[in-house]
Amino acid sequence: MKKRLVTSALPYVNNIPHLGNLIQVLSADVFARFCRQYGYETLYVCGTDEYGTATETRALQEGVTPRELCDHYHKIHTDIYEWFGIEFDEWGRTSTPQQTEIVQHIFNKCDEAGFVREQEIEQLFCASCDRFLADRYVHGECPHCGYGDARGDQCEDCGKLLDPTELVKPRCGTCGATPELKSTKHLYIDLPKALPKLQGWMSQASVDGFWAKNAVKMTESWIRDGLKERCITRDLKWGIPVPKEGYEGKVFYVWFDAPIGYISITMCHTDRWEDWWRDPDNTELFQFIGKDNIPFHTVIFPSSLLASGEKWTMLHHMSSSEYLNYEDTKFSKSKGIGVFGNDCKDTGIPADVWRFYIYYNRPETSDFKFTWKDFQEKVNSELIGNLGNLVNRTLTFLKRFYDGKLPVGKRDETFWEEVARREKAVTEKLDRAELRDGLKEILALSGYGNKCFQDGEPWRTKTEDPQAAADLLYNLAYLVRDLAILIRPYLPATSDAVAGFMNWSDFSWDRLGDLTGLGEFTKPQLLFKQLEEDQIEELKVKYSGSQAERQEAEKGEPALEEQFASEIDIRAAKITSVSQHPDAEKLYVITLDCGEEEDRTICSGLVGHYTPEELNGKTILLVANLKPAKLRGIKSNGMLLAAETKDEKTMEVLFVQAEPGTRALVDGFGDASVPEKKIKIDRFFELPLTVDGHTVKSGAASLTLDGKSITAEKVETGSVG
RNA sequence: GGUGGCGUAGCUCAGUCGGUAGAGCAAACGGCUCAUAUCCGUUCGGUCAGGGGUUCAAAUCCCUUCGCCACUACCA
């Protein structure tokens, strides 16, 4: 029997995990508990992933050191997992000396084996801080939308991904000085070179380790699309120093070091860590992650290990779950939507009940939707009505009619044949980490117990045929004992409680079906409390929507028309020239006279719909206060309005007769005040214009120009954009 | 627009190598009273998103349309 090394994805330290994030840790916990009970030599490690830009930035904002920030959050994580009853062999973190040691070691080996390449790039350097600036420490004007305080990795305003060198007036995020472009070296791991090794390993391992289907598919598509060299160094302080000459002041990129955290956390657990990580012949590595993490565990981490040229315990089984969704939306850490680890505790609903629901509906092969209603139904019917009830009715019966002693009875061969068959199914499922199906098998077994209880009618036979009743209860008592063993990986506290009623304490898997050892029972307590309608309703309301949405709802939103009128500035503009965009097939570059001092330039995707001649000289409607956006290199300073039918077959530019600069107003809401704020395109589409009976409308009000409604000729009903 | 994924009973989901569809819940009815209004049984429920193709045989493989999701783009 091989040893089993179990890991669950290292949660990033920076935030509180929600129910969806918790699935991995909970899954690995059941599996590890099962393996221990079954008799495998087992080690389950996990911990917080702590290095990287996100924590460094956050710490800076909060005025603490990264270490202090991590300590703070590490504690929060620790408390949550403890509450859920996770039985780690080692719960650690990546910011340890062991991590530094092993990451540097693996890097050196990869380097020696020729899998690390140097590349010189131009990067912004701040002279006053005397360091190269990480992408998000450079601030400046966004080249796409003109937002003044965009970060070098991504503009917070328009959402575009940026290269820091694109920023218009770059400045150092820390000291404000203007950084200069300076060439610097970075290290890349040569994944293409490792590809043949990876491919050979993967095709075998994915079969031997019966990887989840999504993991196989995603890995294959990565391999098929070809791997790129990946930069593994960063200019940060909060990370592991790169042990190479010329790389002083640089650290490893988080994704390179994070998976190695599994190893370093094991090193913190035992000096004999190599028995686990360098013993592939006798160790099987089971990893539990979410599907968003697949490539790191099936491509990048294995490639690093292979590239090192050393002997490592590689991934055996990949258990990559799908997503858990929340009511009619998704769990979101950034938006604060869903139920979070600490919320579960606050509900007063015990951890085992949460564990039950998560496992029962574990998104093993497709996404699953968490709803409070379903939570209530499943808990009440399956956990309580089925399992809880069998335990309770059996034990109270024994207490009431047999004075709490195991009656003298006879082993029912047919019964135990059936039970053994089902128990075998449970074991097989658990052994392959099919956790959801394993739990369902257990509940089916409990259901079988209920059926036997019902069919045997011991409440009647106890007087008519006392021996039949005694036999039945004798067998059922041992079934309940078996259930306490089987359910233990999933619901440890419940298992303890049931075993306690039976004065039982041996949970090893090979006791299953062994009809010895029971004698006295104590009076059973109820295992669970039903989830009541009003309680669930209350929780549903309490944890619905994001906080922002709740505030919005309280205030009451102004009418659509009013929002449109106050925020959006639409003006007539005359087209003065039209030309094909030099670098874009579908775009025209159009200049417009808007009644302003200077003409405006916009880009518009009308190629194929209109020829330049059809457009030139016409007057159109322009959304004049849009934030400028760069489309394929040319700045577009507004958007012209076109109507479109729902089927998108007919598209029509809205031509009008008016002096350039004339404002279009929302009928009944239009005052003359000009919206000052520039708006984002997304905001514009949140306040949609429609065409109804050829008339352009915002909500129920029509859009007017010089007092007359604006109409579309060809489009009768549709949208404007 | 491109790429990938998904679409199965009222709801939430299974469905392996192609062999004319399953579970739980919900609903309806019946039974039992040991048990937390619990348990047992019966019934109802599906053109497997639509269309086409391959095949003796398609939820499954191929093409196509529609709808949803993710990433991505010259999205205006």
Side-chain angles (χ1 to χ4, degrees), chain A residues 160-161 210 213-214 217-218 220-222 224-225 291-292 322-323 325 330 357 360-371 373-386 388-402 434 436-437 440-441 443-444 446-462 469 472-473 476 524-531 580-590 602-607 622-623 626 629-634 636-642 644 647-648 651 653 681-682 684-685 720-721:
Chain A
K160 295 253 189 213
L161 296 176
F210 45 93
K213 204 169 87 185
N214 56 7
K217 285 202 164 175
M218 189 165 295
E220 281 172 346
S221 90
W222 266 59
R224 186 194 63 214
D225 295 347
K291 65 176 164 189
D292 49 336
E322 302 279 331
Y323 288 141
N325 293 317
K330 296 172 193 180
Y357 187 76
Y360 191 80
N361 296 304
R362 180 165 183 260
E364 224 149 272
T365 47
S366 72
D367 290 359
F368 181 80
K369 189 200 282 189
F370 171 96
T371 63
K373 179 91 188 118
D374 186 61
F375 181 55
Q376 181 196 10
E377 280 171 4
K378 290 300 184 308
V379 168
N380 287 353
S381 64
E382 282 295 302
L383 181 62
I384 299 178
N386 181 355
N389 189 237
L390 177 68
V391 171
N392 189 248
R393 74 198 296 202
T394 305
L395 294 178
T396 48
F397 202 97
L398 285 165
K399 189 75 196 163
R400 248 175 91 178
F401 302 109
Y402 296 94
E434 290 170 21
R436 182 194 58 199
D437 291 350
K440 293 201 170 173
E441 292 283 358
L443 289 162
S446 163
Y448 176 68
N450 270 317
K451 180 171 160 49
C452 292
F453 200 122
Q454 197 70 28
D455 294 349
E457 299 185 308
W459 55 90
R460 197 166 52 76
T461 57
K462 73 179 190 292
L472 179 65
L473 266 297
L476 283 173
Q525 307 292 309
L526 288 181
L527 294 170
F528 311 103
K529 233 171 74 195
Q530 304 250 4
L531 298 176
Q580 175 73 41
H581 191 298
D583 297 316
E585 280 172 31
K586 294 183 182 171
L587 294 180
Y588 284 130
V589 178
I590 299 173
I602 65 166
C603 296
S604 196
L606 297 172
V607 177
L622 177 78
V623 184
L626 273 189
K630 210 182 221 180
L631 292 182
R632 211 54 179 206
I634 293 182
S636 178
N637 209 355
M639 173 174 97
L640 67 75
L641 290 185
E644 195 170 39
D647 60 17
E648 298 183 358
M651 199 265 238
V653 172
I681 190 80
D682 291 347
F684 175 75
F685 286 118
V720 176

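Every chain is numbered from 1 and lettered A, B, ... according to where its sequence line falls, protein lines coming before strand lines. For clarity, every value in this text was computed on a predicted model and none was experimentally measured.
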* Between B:rU36 and B:rG19, how far is it from one C1' atom to the other, in whole Å? -> 46 Å

* Structure fact -> Tightest non-hydrogen contact, residues A:Ala469 and A:Thr461, listed as CB-OG1, 3.4 Å

* Calculate the interatomic distance between A:Lys462 atom NZ and B:rC32 atom P; express it in whole Å. => 16 Å

* Could you tell me which nucleotide pairs with B:rC48 by Watson-Crick or G-U wobble geometry, both distances under 3.5 Å, or answer none if nothing does? => none

Pairwise N/O distances under 3.5 Å, protein to nucleotides 40-46 of chain B:
none

* Would you indicate whether the side-chain heavy atoms of A:Leu526 and A:Asn392 approach each other to under 4.5 Å? => yes

Listed pairs, N/O of protein and of nucleotides 16-18 of chain B, under 3.5 Å:
none

* Asked: Is the shortest heavy-atom distance from the side chain of A:Asp367 to the side chain of A:Lys330 under 4.5 Å?
  -> no

* Asked: When we call it a touch if two heavy atoms are under 4.0 Å apart, what does A:Lys529 touch: a base, just sugar-phosphate, or nothing?
  -> nothing

* With sugar-phosphate meaning primed atoms plus P, OP1 and OP2, does A:Thr371 contact a base, only sugar-phosphate, or nothing at under 4.0 Å between heavy atoms? -> nothing

* To do: Tell which nucleotide pairs with B:rA23, taking only Watson-Crick or G-U wobble pairs whose two distances are both under 3.5 angstrom.
  => B:rU12

* Asked: To the nearest Å, how far apart are A:Asp367 CG and B:rC11 P?
  -> 17 Å

* Looking across every strand, which nucleic acid part, if any, lies under 4.0 Å from A:Asn380 by heavy atom: base, sugar-phosphate, or nothing? -> nothing

* Report the base-pairing partner of B:rU36 (Watson-Crick or G-U wobble, both distances below 3.5 angstrom), or none. => none

* In the structure shown, which nucleotide is the Watson-Crick or G-U wobble counterpart of B:rA28, with both distances under 3.5 Å? -> B:rU42

* **Between B:rU54 and B:rG7 - C1' atom distance, rounded Å** => 23 Å

* Close side-chain approach of A:Phe368 and A:Asp374, heavy atoms under 4.5 Å -> yes

* To do: Please work out if A:Thr394 contacts a base, only the sugar-phosphate, or nothing of the nucleic acid, heavy-atom cut-off 4.0 Å.
  => nothing

* Return no unless some side-chain N or O of A:Lys330 is found under 4.0 Å from OP1 or OP2 of B:rA70. => yes

* **Cation over ring face, A:Lys378 and A:Tyr360, 6.0 Å, 45°** => no

* Close side-chain approach of A:Asp455 to A:Lys451, heavy-atom, < 4.5 Å -> yes

* Any side-chain heavy atom of A:Val379 within less than 4.5 Å of one from A:Phe528? -> no

* Asked: In whole Å, what separates the P atom of B:rG1 from that of B:rU20?
  -> 39 Å

* To do: Pick base, sugar-phosphate or nothing for A:Arg460, based on heavy-atom distances below 4.0 Å to the nucleic acid.
  => nothing

* Structure fact -> Assert: residue with more 5' nearest nucleotide on RNA chain B, out of A:Lys217 and A:Pro458, is A:Lys217

* For B:rG18, the Watson-Crick or wobble counterpart (both distances under 3.5 Å) -> none

* To do: Identify the two heavy atoms, one from A:Leu443 and one from A:Asn386, that lie closest to each other, and give their separation to 0.1 Å.
  => O-ND2, 2.9 Å

* Asked: With rounding to whole Å, what would you report as the distance between B:rA9 and B:rA21 at their P atoms?
  -> 15 Å

* Asked: Hey, what's the ring geometry for A:Tyr357 with A:Phe375, parallel, tilted or perpendicular (30° and 60° as the breaks)?
  -> perpendicular

* Asked: Paired with B:rU60: which nucleotide, if any, by Watson-Crick or G-U wobble criteria at under 3.5 Å for both distances?
  -> none

* **A:Thr365 and A:Arg436, any side-chain heavy atoms less than 4.5 Å apart** => yes

* Expressed as a whole number of Å, how far does the P atom of B:rC69 sit from that of B:rC63? -> 24 Å

* Asked: A:Leu527 near the nucleic acid: base, sugar-phosphate alone, or nothing, with a heavy-atom cut-off under 4.0 Å?
  -> base

Grab the N/O contacts between the protein and nucleotides 24-28 of chain B below 3.5 Å, and write none if there aren't any.
from: B:rC25; atom 1: O2'; to: A:Glu377; atom 2: OE1; distance (Å): 2.8

* Which value, in whole Å, describes the distance between the C1' atoms of nucleotides B:rA73 and B:rG46? -> 40 Å

* Asked: Would you call A:Phe397 stacked on B:rC34, i.e. ring centres under 5.5 Å apart with the planes less than 30° off parallel?
  -> no

* Structure fact -> Taking every heavy atom of A:Gln454 against every heavy atom of A:Arg393, the minimum-distance pair comes out as OE1-NH2, 3.0 Å

* **Pair assignment for B:rU3, Watson-Crick or G-U wobble, requiring both distances under 3.5 Å** => B:rA70

* Asked: Looking only at atom P, what distance separates B:rA23 and B:rU64, rounded to whole Å?
  -> 36 Å

* Partner of B:rU54 by Watson-Crick or G-U wobble geometry, both contacts under 3.5 Å, or none? -> none

* Expressed in angstrom and rounded to an integer, what is the separation of A:Tyr323 atom OH from B:rA70 atom P? -> 10 Å

* Asked: When rounded to the nearest Å, what value does the distance between C1' atoms of B:rC6 and B:rC48 take?
  -> 14 Å

